[in-house]
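Structure record follows, encoded as C-alpha coordinates.
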Amino acid sequence: MLNLKACPFNLDVTLCCGQVFRWNKIGDWWFGVAKDKVFKIRQVEKRLEFVNVNSEFVCHYFGLNDDLQKIKESINKDAHICRALEKLWGLRLIQQDPWECLASYICATYKGIPAIKTMLNKLAQKFGEKTVFEGYDFYNFPTVDALACATLDSLSACGLGYRAKYLKTTAKKIFEQQFDLEELRQLPYAEAKKILCNFTGVGPKVADCVLLFSLGKYEAFPVDVWIKRVVLRHYNRLLPRELTQKLAKSRKLDNSKYSKISEICRNYFGDYAGYAQEYLYHYERMTNIDN
DNA sequence: TTCCAGGGAGTAT
DNA sequence: ATACTCCATGGA
(Lines give C-alpha, C1' and ligand atoms only; values in the text may rest on other atoms or scores of the structure.)
Protein backbone atom coordinates (compact mmCIF):
# COMPACT_ATOMS: atom_id res chain seq x y z
CA MET A 1 0.00 0.00 0.00
CA LEU A 2 1.17 3.46 -0.85
CA ASN A 3 -0.22 6.82 0.14
CA LEU A 4 -0.18 9.29 -2.73
CA LYS A 5 -0.77 12.40 -0.71
CA ALA A 6 1.21 15.22 -2.34
CA CYS A 7 2.12 12.86 -5.18
CA PRO A 8 -0.16 13.47 -8.17
CA PHE A 9 -0.74 10.21 -10.02
CA ASN A 10 -3.40 8.69 -12.26
CA LEU A 11 -2.91 4.96 -12.75
CA ASP A 12 -5.58 4.53 -15.43
CA VAL A 13 -4.27 7.32 -17.64
CA THR A 14 -0.69 6.19 -17.15
CA LEU A 15 -1.49 2.66 -18.31
CA CYS A 16 -3.88 3.67 -21.10
CA CYS A 17 -1.84 6.35 -22.83
CA GLY A 18 -0.06 4.03 -25.23
CA GLN A 19 3.42 3.91 -23.72
CA VAL A 20 3.01 0.29 -22.57
CA PHE A 21 1.05 -2.42 -24.36
CA ARG A 22 0.75 -5.42 -22.09
CA TRP A 23 -1.35 -4.26 -19.14
CA ASN A 24 -4.93 -5.44 -18.71
CA LYS A 25 -7.68 -4.25 -16.43
CA ILE A 26 -9.77 -6.98 -14.83
CA GLY A 27 -12.44 -5.51 -12.61
CA ASP A 28 -10.77 -2.53 -10.97
CA TRP A 29 -7.35 -4.20 -10.83
CA TRP A 30 -4.65 -3.76 -13.44
CA PHE A 31 -2.65 -6.95 -14.12
CA GLY A 32 0.74 -6.82 -15.77
CA VAL A 33 4.30 -8.06 -16.06
CA ALA A 34 7.29 -5.82 -15.54
CA LYS A 35 10.85 -7.08 -15.47
CA ASP A 36 9.76 -10.65 -14.71
CA LYS A 37 7.45 -9.50 -11.92
CA VAL A 38 3.78 -10.37 -12.29
CA PHE A 39 1.61 -8.17 -10.13
CA LYS A 40 -1.71 -6.39 -9.86
CA ILE A 41 -2.35 -2.84 -8.82
CA ARG A 42 -5.28 -0.49 -8.34
CA GLN A 43 -5.82 3.08 -7.32
CA VAL A 44 -8.47 4.04 -4.80
CA GLU A 45 -8.56 7.81 -4.49
CA LYS A 46 -5.15 8.79 -3.16
CA ARG A 47 -4.20 5.26 -2.25
CA LEU A 48 -2.27 2.77 -4.36
CA GLU A 49 -2.85 -0.90 -3.59
CA PHE A 50 -0.77 -3.68 -5.08
CA VAL A 51 -0.17 -7.42 -4.71
CA ASN A 52 2.95 -9.49 -5.38
CA VAL A 53 5.35 -6.53 -5.58
CA ASN A 54 6.90 -4.11 -3.10
CA SER A 55 6.43 -0.36 -2.92
CA GLU A 56 9.99 0.40 -3.95
CA PHE A 57 9.46 -1.34 -7.27
CA VAL A 58 6.10 0.34 -7.78
CA CYS A 59 7.60 3.78 -7.10
CA HIS A 60 10.39 3.25 -9.55
CA TYR A 61 8.34 1.58 -12.28
CA PHE A 62 5.58 4.17 -12.32
CA GLY A 63 7.96 7.11 -12.02
CA LEU A 64 6.54 8.21 -8.70
CA ASN A 65 9.91 9.65 -7.73
CA ASP A 66 9.62 12.26 -10.48
CA ASP A 67 8.54 15.67 -9.24
CA LEU A 68 5.50 15.93 -11.50
CA GLN A 69 4.50 19.34 -10.20
CA LYS A 70 7.89 20.72 -11.09
CA ILE A 71 7.83 19.00 -14.47
CA LYS A 72 4.44 20.55 -15.16
CA GLU A 73 5.74 24.00 -14.40
CA SER A 74 8.64 23.52 -16.78
CA ILE A 75 6.58 22.28 -19.76
CA ASN A 76 3.42 24.33 -19.29
CA LYS A 77 4.25 26.81 -22.04
CA ASP A 78 0.90 27.56 -23.68
CA ALA A 79 -2.87 27.10 -23.61
CA HIS A 80 -2.92 23.84 -25.52
CA ILE A 81 -0.42 21.91 -23.41
CA CYS A 82 -2.16 23.42 -20.41
CA ARG A 83 -5.45 21.80 -21.43
CA ALA A 84 -3.71 18.44 -21.92
CA LEU A 85 -2.04 18.73 -18.52
CA GLU A 86 -5.36 19.45 -16.83
CA LYS A 87 -7.29 16.74 -18.64
CA LEU A 88 -4.67 14.01 -18.11
CA TRP A 89 -3.19 15.20 -14.85
CA GLY A 90 -1.34 12.41 -13.08
CA LEU A 91 -0.03 10.73 -16.21
CA ARG A 92 3.54 9.62 -15.58
CA LEU A 93 6.24 8.11 -17.74
CA ILE A 94 6.75 4.45 -16.88
CA GLN A 95 10.29 3.15 -16.49
CA GLN A 96 10.24 0.26 -18.94
CA ASP A 97 12.78 -2.46 -19.44
CA PRO A 98 15.01 -1.29 -22.34
CA TRP A 99 14.92 -4.55 -24.26
CA GLU A 100 11.15 -4.96 -24.03
CA CYS A 101 10.78 -1.32 -25.01
CA LEU A 102 13.12 -1.61 -27.98
CA ALA A 103 11.51 -4.81 -29.27
CA SER A 104 8.02 -3.42 -28.71
CA TYR A 105 8.61 -0.22 -30.62
CA ILE A 106 10.32 -2.03 -33.49
CA CYS A 107 7.05 -3.94 -33.79
CA ALA A 108 4.96 -0.81 -33.25
CA THR A 109 6.01 0.94 -36.44
CA TYR A 110 3.23 1.62 -38.91
CA LYS A 111 0.61 -0.22 -36.83
CA GLY A 112 -2.36 0.72 -34.66
CA ILE A 113 -2.23 0.24 -30.92
CA PRO A 114 -4.80 -2.59 -30.75
CA ALA A 115 -2.83 -4.51 -33.39
CA ILE A 116 0.41 -3.84 -31.52
CA LYS A 117 -1.07 -5.33 -28.36
CA THR A 118 -2.10 -8.43 -30.26
CA MET A 119 1.37 -8.88 -31.75
CA LEU A 120 3.22 -8.44 -28.49
CA ASN A 121 0.90 -10.76 -26.59
CA LYS A 122 1.35 -13.44 -29.23
CA LEU A 123 5.12 -12.98 -29.05
CA ALA A 124 5.06 -13.31 -25.27
CA GLN A 125 2.82 -16.36 -25.36
CA LYS A 126 5.03 -18.12 -27.84
CA PHE A 127 8.49 -17.13 -26.59
CA GLY A 128 8.06 -15.90 -23.03
CA GLU A 129 8.07 -17.77 -19.76
CA LYS A 130 4.66 -18.52 -18.32
CA THR A 131 3.60 -17.62 -14.80
CA VAL A 132 0.23 -18.31 -13.21
CA PHE A 133 -1.05 -15.58 -10.94
CA GLU A 134 -4.49 -15.57 -9.34
CA GLY A 135 -5.74 -18.10 -11.84
CA TYR A 136 -4.60 -16.22 -14.93
CA ASP A 137 -1.73 -17.04 -17.27
CA PHE A 138 0.95 -14.38 -17.71
CA TYR A 139 4.03 -14.39 -19.86
CA ASN A 140 7.34 -12.61 -19.38
CA PHE A 141 8.47 -10.62 -22.35
CA PRO A 142 10.74 -12.87 -24.45
CA THR A 143 14.45 -12.56 -23.72
CA VAL A 144 16.97 -11.38 -26.30
CA ASP A 145 18.21 -14.95 -26.58
CA ALA A 146 14.75 -16.36 -27.22
CA LEU A 147 14.05 -13.97 -30.10
CA ALA A 148 17.56 -14.22 -31.50
CA CYS A 149 17.09 -17.97 -31.85
CA ALA A 150 13.51 -17.87 -33.09
CA THR A 151 12.84 -18.75 -36.71
CA LEU A 152 11.58 -16.06 -39.04
CA ASP A 153 8.42 -18.02 -39.70
CA SER A 154 7.59 -18.38 -36.03
CA LEU A 155 7.99 -14.62 -35.59
CA SER A 156 5.88 -13.90 -38.64
CA ALA A 157 3.21 -16.16 -37.23
CA CYS A 158 2.75 -13.60 -34.45
CA GLY A 159 1.52 -11.12 -37.02
CA LEU A 160 4.72 -9.12 -37.25
CA GLY A 161 4.69 -8.97 -41.04
CA TYR A 162 7.83 -7.42 -42.46
CA ARG A 163 8.94 -6.44 -38.94
CA ALA A 164 9.82 -10.07 -38.19
CA LYS A 165 13.23 -9.82 -39.80
CA TYR A 166 13.91 -6.43 -38.16
CA LEU A 167 13.24 -7.90 -34.74
CA LYS A 168 15.23 -11.07 -35.35
CA THR A 169 18.20 -9.21 -36.82
CA THR A 170 18.35 -6.79 -33.90
CA ALA A 171 17.87 -9.52 -31.30
CA LYS A 172 20.63 -11.54 -32.92
CA LYS A 173 23.02 -8.59 -33.00
CA ILE A 174 22.41 -7.77 -29.34
CA PHE A 175 22.76 -11.44 -28.45
CA GLU A 176 26.01 -11.98 -30.34
CA GLN A 177 27.62 -8.79 -29.08
CA GLN A 178 26.25 -9.29 -25.57
CA PHE A 179 25.29 -5.64 -25.91
CA ASP A 180 23.99 -4.05 -22.72
CA LEU A 181 21.30 -1.50 -23.53
CA GLU A 182 21.56 -0.11 -19.99
CA GLU A 183 24.97 1.31 -20.89
CA LEU A 184 23.20 3.83 -23.11
CA ARG A 185 21.82 5.44 -19.98
CA GLN A 186 25.29 6.82 -19.22
CA LEU A 187 25.64 8.48 -22.62
CA PRO A 188 24.30 11.87 -23.69
CA TYR A 189 20.99 11.80 -25.59
CA ALA A 190 22.48 12.34 -29.05
CA GLU A 191 25.16 9.68 -28.70
CA ALA A 192 22.79 7.08 -27.32
CA LYS A 193 20.36 7.82 -30.14
CA LYS A 194 23.01 7.35 -32.78
CA ILE A 195 23.90 3.93 -31.40
CA LEU A 196 20.26 2.84 -31.23
CA CYS A 197 19.70 3.89 -34.85
CA ASN A 198 22.36 1.40 -35.95
CA PHE A 199 20.03 -1.46 -35.06
CA THR A 200 17.87 -2.79 -37.88
CA GLY A 201 14.31 -1.55 -37.68
CA VAL A 202 15.31 1.37 -35.49
CA GLY A 203 15.04 4.87 -36.89
CA PRO A 204 14.78 8.23 -35.12
CA LYS A 205 11.22 7.66 -33.93
CA VAL A 206 11.78 4.22 -32.41
CA ALA A 207 15.06 5.40 -30.89
CA ASP A 208 13.35 8.38 -29.26
CA CYS A 209 10.68 6.13 -27.77
CA VAL A 210 13.29 3.79 -26.30
CA LEU A 211 15.32 6.70 -24.92
CA LEU A 212 12.26 8.33 -23.38
CA PHE A 213 10.41 5.28 -22.08
CA SER A 214 13.28 3.14 -20.85
CA LEU A 215 16.54 5.08 -20.60
CA GLY A 216 15.54 8.19 -18.73
CA LYS A 217 16.17 10.65 -21.58
CA TYR A 218 13.27 12.97 -20.86
CA GLU A 219 14.40 15.45 -23.49
CA ALA A 220 13.55 12.95 -26.25
CA PHE A 221 10.49 14.02 -28.27
CA PRO A 222 9.18 11.18 -30.47
CA VAL A 223 7.26 12.36 -33.53
CA ASP A 224 4.65 10.02 -34.98
CA VAL A 225 1.63 10.72 -37.19
CA TRP A 226 -0.39 11.94 -34.20
CA ILE A 227 2.27 14.33 -32.96
CA LYS A 228 2.75 15.57 -36.49
CA ARG A 229 -0.95 16.51 -36.51
CA VAL A 230 -0.64 18.22 -33.12
CA VAL A 231 2.31 20.25 -34.33
CA LEU A 232 0.57 21.27 -37.56
CA ARG A 233 -2.62 22.20 -35.75
CA HIS A 234 -1.28 23.89 -32.63
CA TYR A 235 2.41 24.61 -32.99
CA ASN A 236 3.04 25.57 -36.60
CA ARG A 237 4.02 29.02 -35.34
CA LEU A 238 7.20 27.40 -34.02
CA LEU A 239 8.17 26.01 -37.42
CA PRO A 240 9.75 27.83 -40.36
CA ARG A 241 6.98 28.59 -42.89
CA GLU A 242 8.74 26.50 -45.48
CA LEU A 243 8.69 23.43 -43.25
CA THR A 244 5.00 23.87 -42.47
CA GLN A 245 4.17 23.85 -46.17
CA LYS A 246 6.27 20.78 -46.86
CA LEU A 247 4.60 18.94 -43.98
CA ALA A 248 1.11 19.76 -45.19
CA LYS A 249 1.91 18.34 -48.62
CA SER A 250 4.01 15.24 -48.11
CA ARG A 251 2.45 12.47 -46.11
CA LYS A 252 5.82 11.01 -45.22
CA LEU A 253 8.19 12.33 -42.59
CA ASP A 254 11.79 11.82 -43.69
CA ASN A 255 14.74 11.98 -41.30
CA SER A 256 15.43 15.61 -42.05
CA LYS A 257 11.88 16.77 -41.29
CA TYR A 258 11.73 14.49 -38.28
CA SER A 259 14.87 15.95 -36.71
CA LYS A 260 13.72 19.50 -37.30
CA ILE A 261 10.31 19.00 -35.67
CA SER A 262 11.72 16.98 -32.80
CA GLU A 263 14.47 19.49 -32.10
CA ILE A 264 12.18 22.49 -32.29
CA CYS A 265 9.81 20.89 -29.79
CA ARG A 266 12.71 19.83 -27.59
CA ASN A 267 13.97 23.39 -27.46
CA TYR A 268 10.48 24.77 -26.87
CA PHE A 269 9.41 22.45 -24.04
CA GLY A 270 12.85 22.04 -22.49
CA ASP A 271 14.45 19.27 -20.44
CA TYR A 272 11.14 17.43 -19.95
CA ALA A 273 9.95 17.71 -23.55
CA GLY A 274 9.23 14.00 -23.55
CA TYR A 275 6.69 14.45 -20.78
CA ALA A 276 5.02 17.17 -22.84
CA GLN A 277 5.01 14.85 -25.82
CA GLU A 278 3.19 12.12 -23.94
CA TYR A 279 0.51 14.46 -22.65
CA LEU A 280 0.04 15.92 -26.15
CA TYR A 281 0.00 12.50 -27.78
CA HIS A 282 -2.65 11.02 -25.55
CA TYR A 283 -4.72 14.19 -25.51
CA GLU A 284 -4.78 14.23 -29.30
CA ARG A 285 -5.78 10.59 -29.49
CA MET A 286 -8.46 10.96 -26.81
CA THR A 287 -10.16 13.76 -28.65
CA ASN A 288 -10.02 11.97 -32.00
CA ILE A 289 -10.92 8.40 -31.15
CA ASP A 290 -14.36 7.69 -29.75
CA ASN A 291 -14.33 5.20 -26.97
C1' DT B 1 -14.02 -2.94 -49.40
C1' DT B 2 -11.06 0.55 -48.38
C1' DC B 3 -8.21 3.03 -45.44
C1' DC B 4 -4.91 3.72 -41.86
C1' DA B 5 -1.51 2.69 -38.42
C1' DG B 6 3.47 5.39 -32.23
C1' DG B 7 8.16 4.20 -39.64
C1' DG B 8 12.04 2.21 -41.63
C1' DA B 9 14.88 0.21 -45.36
C1' DG B 10 16.27 0.17 -50.00
C1' DT B 11 17.20 2.47 -54.28
C1' DA B 12 17.91 6.05 -57.65
C1' DT B 13 19.24 10.68 -58.45
C1' DA C 1 21.37 15.16 -48.93
C1' DT C 2 16.69 14.39 -51.07
C1' DA C 3 12.74 11.90 -53.20
C1' DC C 4 10.38 7.92 -54.11
C1' DT C 5 8.82 3.12 -53.32
C1' DC C 6 7.96 -1.07 -50.99
C1' DC C 7 6.88 -3.38 -46.98
C1' DA C 8 2.60 -7.36 -44.26
C1' DT C 9 -1.26 -7.22 -41.57
C1' DG C 10 -4.87 -6.30 -38.08
C1' DG C 11 -8.49 -3.25 -36.93
C1' DA C 12 -11.99 0.08 -37.91
Side-chain angles (χ1 to χ4, degrees), chain A residues 13-23 84 88 91 93-94 96 100-123 125 152-171 173 193-215 217 220-232 242-243 245-262 265 273-291:
Chain A
V13 177
T14 297
L15 288 173
C16 282
C17 73
Q19 53 179 328
V20 288
F21 304 103
R22 286 185 353 102
W23 280 86
L88 306 176
L91 186 165
L93 290 178
I94 288 175
Q96 299 186 40
E100 175 167 1
C101 191
L102 175 60
S104 297
Y105 280 90
I106 286 175
C107 294
T109 63
Y110 206 46
K111 283 297 243 182
I113 288 183
I116 296 167
K117 291 180 177 177
T118 304
M119 284 190 299
L120 295 177
N121 282 324
K122 284 183 181 173
L123 265 183
Q125 272 184 45
L152 218 47
D153 285 345
S154 62
L155 292 173
S156 299
C158 297
L160 298 196
Y162 62 87
R163 303 164 195 78
K165 65 175 183 297
Y166 296 167
L167 184 58
K168 181 174 170 57
T169 303
T170 291
K173 186 172 176 183
K193 183 170 181 177
K194 194 174 292 182
I195 292 174
L196 281 173
C197 286
N198 284 328
F199 290 113
T200 306
V202 181
K205 193 276 176 178
V206 171
D208 274 333
C209 286
V210 174
L211 291 166
L212 177 61
F213 298 141
S214 72
L215 292 168
K217 305 300 183 190
F221 193 92
V223 181
D224 68 344
V225 290
W226 295 93
I227 288 294
K228 178 189 163 188
R229 282 177 206 139
V230 175
V231 171
L232 278 174
E242 190 182 298
L243 181 56
Q245 290 169 347
K246 279 186 185 174
L247 286 175
K249 288 178 188 172
S250 68
R251 206 202 123 285
K252 278 286 299 172
L253 201 61
D254 58 41
N255 287 1
S256 167
K257 296 195 200 78
Y258 181 98
S259 324
K260 283 173 187 160
I261 296 177
S262 187
C265 291
Y275 250 100
Q277 191 272 4
E278 205 54 16
Y279 273 87
L280 292 172
Y281 171 77
H282 191 49
Y283 187 65
E284 181 70 11
R285 285 176 52 82
M286 271 188 65
T287 51
N288 286 285
I289 297 178
D290 30 7
N291 56 16

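Letters A, B, ... are given to chains in the order of the sequence lines, protein chains preceding strands, and every chain is numbered from 1.
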| Donor-acceptor contact below 3.5 Å, side chain A:Tyr279 vs main chain A:Leu91 | yes

| message | Expressed as a whole number of angstroms, how long is the span from A:Lys252:NZ to C:dA3:P? | response | 13 Å

| message | Between A:Tyr105 (side chain only) and A:Val210 (backbone N and O only), is there a donor and an acceptor less than 3.5 Å apart? | response | no

| task | Kindly say whether A:Pro222 contributes a backbone atom to a donor-acceptor pair with the side chain of A:Gln277 at under 3.5 angstrom? | result | yes

| message | Does A:Leu160 reach a base, just sugar-phosphate, or nothing at all? Heavy atoms under 4.0 Å. | response | nothing

| message | Between the base of B:dG7 and the ring of A:Tyr110 - centre-to-centre under 5.5 Å, planes within under 30° - is that a stack? | response | yes

| message | Return whichever of A:Arg251 or A:Asn255 has its heavy-atom-nearest nucleotide of DNA chain B closer to the 5' end. | response | A:Arg251

| task | Would you check, one step at a time, whether the test salt bridge (Lys or Arg N to Asp or Glu O under 4.0 Å) holds for A:Asp254 with A:Lys257? | result | CA-CA 6 Å; A:Asp254 58 41; A:Lys257 296 195 200 78; 3.1 Å; yes

| message | Give me the distance, rounded to whole Å, that separates C:dA8 from B:dC4 when you measure between the C1' atoms they each carry. | response | 14 Å

| said: If I pick the C1' atom on C:dT9 and the same atom on B:dT1, what distance separates them, to the nearest angstrom? | reply: 16 Å

| request: Output yes when at least one side-chain N/O atom of A:Arg285 is less than 4.0 Å from OP1 or OP2 of B:dG6, else no. | output: yes

| request: For A:Glu278, report the nucleic acid contact type (base, sugar-phosphate, nothing); a contact means any heavy atom under 4.0 Å. | output: base

| query | So what does A:Phe213 hit on the nucleic acid, given a heavy-atom distance under 4.0 Å: a base, only sugar-phosphate, or nothing? | reply | base

| task | Assign A:Gly18 to base, sugar-phosphate, or nothing according to its heavy-atom contacts below 4.0 angstrom with the strands shown. | result | base

| query | When you measure from the side chain of A:Tyr166, which nucleotide among B:dG8, B:dG6, C:dA8 comes out closest? | reply | B:dG8

| Please give, in whole Å, the distance from B:dC4 P to A:Lys111 NZ? | 15 Å

| query | For A:Thr118 and A:Thr109, take the nucleotide of DNA chain C holding the closest heavy atom to each; which residue's nucleotide lies nearer the 5' end? | reply | A:Thr109

| field | Short N-O contact, A:Asp224 and A:Lys205, less than 4.0 angstrom | value | no

| said: The side chain of A:Arg229 is closest to which nucleotide in this list: B:dA5, C:dA8, B:dG8? | reply: B:dA5

| task | Return the nearest nucleotide to the side chain of A:Ala115; candidates are B:dG7, B:dG6, C:dG11. | result | C:dG11

